[in-house]
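Right, one structure below, let's go through it.
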Number of protein chains: 2
Amino acid sequence: MKTVTATPEGRPGLRERKKRRTHDALLRAALELFTTKGYEATTVDEIAEAVDVSQRTFFRYFAGKEEAALAVQDIAQDYFAEAVRDRPPHEAPLEAMRNAVLEGWDDITEAVEQVVPVDLYLRSYRMVESTPALLAAHLRRSDETAEAIARIIAEREGVDVDADPRPRVTVALFSGVIRVTERLWALGEDLTMDAMRDLMAAHLDAVRPSLAEKWRTG
Amino acid sequence: MKTVTATPEGRPGLRERKKRRTHDALLRAALELFTTKGYEATTVDEIAEAVDVSQRTFFRYFAGKEEAALAVQDIAQDYFAEAVRDRPPHEAPLEAMRNAVLEGWDDITEAVEQVVPVDLYLRSYRMVESTPALLAAHLRRSDETAEAIARIIAEREGVDVDADPRPRVTVALFSGVIRVTERLWALGEDLTMDAMRDLMAAHLDAVRPSLAEKWRTG
DNA sequence: TGTCAACTGTCAGCGGCTGTCATTAGCCTC
DNA sequence: GAGGCTAATGACAGCCGCTGACAGTTGACA
């Protein structure tokens, strides 16, 4: 017989809910502190204290400061990779990536919002750009995502990733456009989701004519 | 009157020479240890001890482990940026970058050789690829170099880097090709300078037809 | 040769991160 | 609904990267 704490429907149960609460609280506290007093200037002890847990517990939820700072970006990136995989097979590589970003924009925003307020996310996004250690970590994660997407594209097009450089190069071009957009957005004044989306769309459109041909073998 | 230790011609003087010796010795010892027992597994104390200096002295020559591990790559990247600046102005952006790499290859190799043996450099290059923390730092430095080159290209072409995304996007494409080459080279079996050069040339040639047009305004 | 500045070693200390072990608290069964 | 199981936490000790401060040493130059 079920206990009172767990509801009949697949409701997570108290333990799980508590874990998630702690996780989200730590995340929010971390980003809040990072964005106000700076990443390097805030210690893990401060974050832990803000949530009233031990420092050790922080490290049980996050591998380190870095992971906490970039956790939300990870959500967005993973979502994007999945979105590319779900694109209809007739779309050319750059087209598929472009559509995955632009059409999935609202879903990504929503997915983020379920963990932290969008405003906090955007502030943290900007902070990454101006914190060398974080920018490095961010670029490495982006590189990983790029590799994953290159494999997806290669599969879609039926080519071998290691033998044919085109999937990786195409994704690199796309990543480059995203990177340029990130940089300009962070430097700009309109720090909103819409502004980022518009910049993204504009840059992608600017590149489209140059390299849009399909290269499927069939 | 000059002392005996400093020769009339601009010879550096004992102090400078000693400094350079210590610097190079630390660098070589660090790379040697990193490549044999792994980056994270070697402590700064071990490096310092291998050269018979205090740990504090190591940090006076290098900002941290990371900088020691990537010092040689930095030499190569700085050299490359200069080479692009020195390209004749009639060359199109991608052409200029391509030629800077391929024609400057031997000079870069030589510049590296003056500090550490090429073999050690190549082994360390491969290590970067398999060490997350180092790969992150490497990508950030590459991103910085890319930004610098984008500005050089923009100046060559007479456009505004922040208003026109094409310089940064073009450089991003080029950087992407280099990144793909790095990855494949590190995964391959022929770990030599020549092998890397050939791979680089092959990949650059494969991209050339796609996006080689000039877009100078004049 | 003596003065000055640069280079170095030593020591103390902070912060990120990990292993270990005892304690607490959700969960499940009888 | 009491007791046993296990996951989650806290407390403590310790390593390592890195920094500031101060004193000692050594090359440079008059």
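Here is how names work: the chains are called A, B, and so on, in the same order as the sequence lines, proteins then strands, and each is numbered from 1.
Listed by chain and residue number, B:Y121, B:W185 satisfy the ring-ring contact (aromatic ring centres under 6.0 Å, His included) test with B:Y125 (two or more places apart in sequence, or in another chain). By the salt bridge (charged side-chain N to carboxylate O under 4.0 Å, His left out) test, B:R140 pairs with B:E144, sequence neighbours left out. With sequence neighbours left out, A:E103 forms a side chain to side chain donor-acceptor pair (under 3.5 Å) with A:R87. Remark: A:D198 engages no residue in a salt bridge (charged side-chain N to carboxylate O under 4.0 Å, His left out) (not counting sequence neighbours). For the side chain to side chain donor-acceptor pair (under 3.5 Å) test, no residue two or more places apart in sequence or in another chain qualifies with B:D78. Residues passing the ring-ring contact (aromatic ring centres under 6.0 Å, His included) test with B:F62 are B:H23, B:F58, sequence neighbours excluded. Partners of A:E113 according to the salt bridge (charged side-chain N to carboxylate O under 4.0 Å, His left out) rule, which considers only residues two or more places apart in sequence or in another chain, do not exist here.
Here C:dT18 presents its C1' atom at 14 Å from CG of A:D45, a figure rounded to the nearest Å. Rounded to an integer number of Å, the gap from CD of A:E66 to P of C:dG16 is 12 Å. Taking atom CD on B:E49 and atom C1' on C:dT8, their separation rounds to 17 Å, with Å as the unit. Straight-line distance from the CZ atom of B:F59 to the C1' atom of C:dG9: 15 Å, rounded to whole Å. Distance, B:F58 CZ to C:dC7 P: 18 Å, rounded to whole Å. Per the geometry, CD belonging to A:E46 stands 11 Å off C1' belonging to C:dG15, to the nearest Å.
Environment of CG in B:D86: crowded, with over 12 heavy atoms of neighbouring residues, nucleotides or ligands closer than 6.0 Å.
Proximity of residues 24-43 of chain A to DNA chain C (heavy atom under 4.0 angstrom from any strand atom) is restricted to A:T42, A:T43.
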Query raised in the report: Reading nucleotides 2-13 of chain D from the 5' end, what letters show protein touch, with B for base, S for backbone sugar-phosphate only, - for no heavy atom under 4.0 Å?
Result: ----BBSBBB--
Which donor-acceptor pairs under 3.5 Å do the side chains of residues 187-194 of chain A make with protein atoms, sequence neighbours left out?
residue	atom	partner	partner atom	Å
A:D190	OD1	A:T192	OG1	3.2
A:T192	OG1	A:A195	N	3.1

What protein N or O atoms touch nucleotides 1-3 of chain C N or O atoms at under 3.5 angstrom, if any, and at what distances?
none

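The stretch residues 18-45 of chain A participates, sequence neighbours left out, in these salt bridge (Lys or Arg N to Asp or Glu O under 4.0 Å) pairs: A:R20-A:D24, A:E32-A:R123, A:K37-A:E46.
Note that CZ of B:F174 and CG of B:L204 are 5.0 Å apart. Values are rounded to the nearest 0.5 Å.
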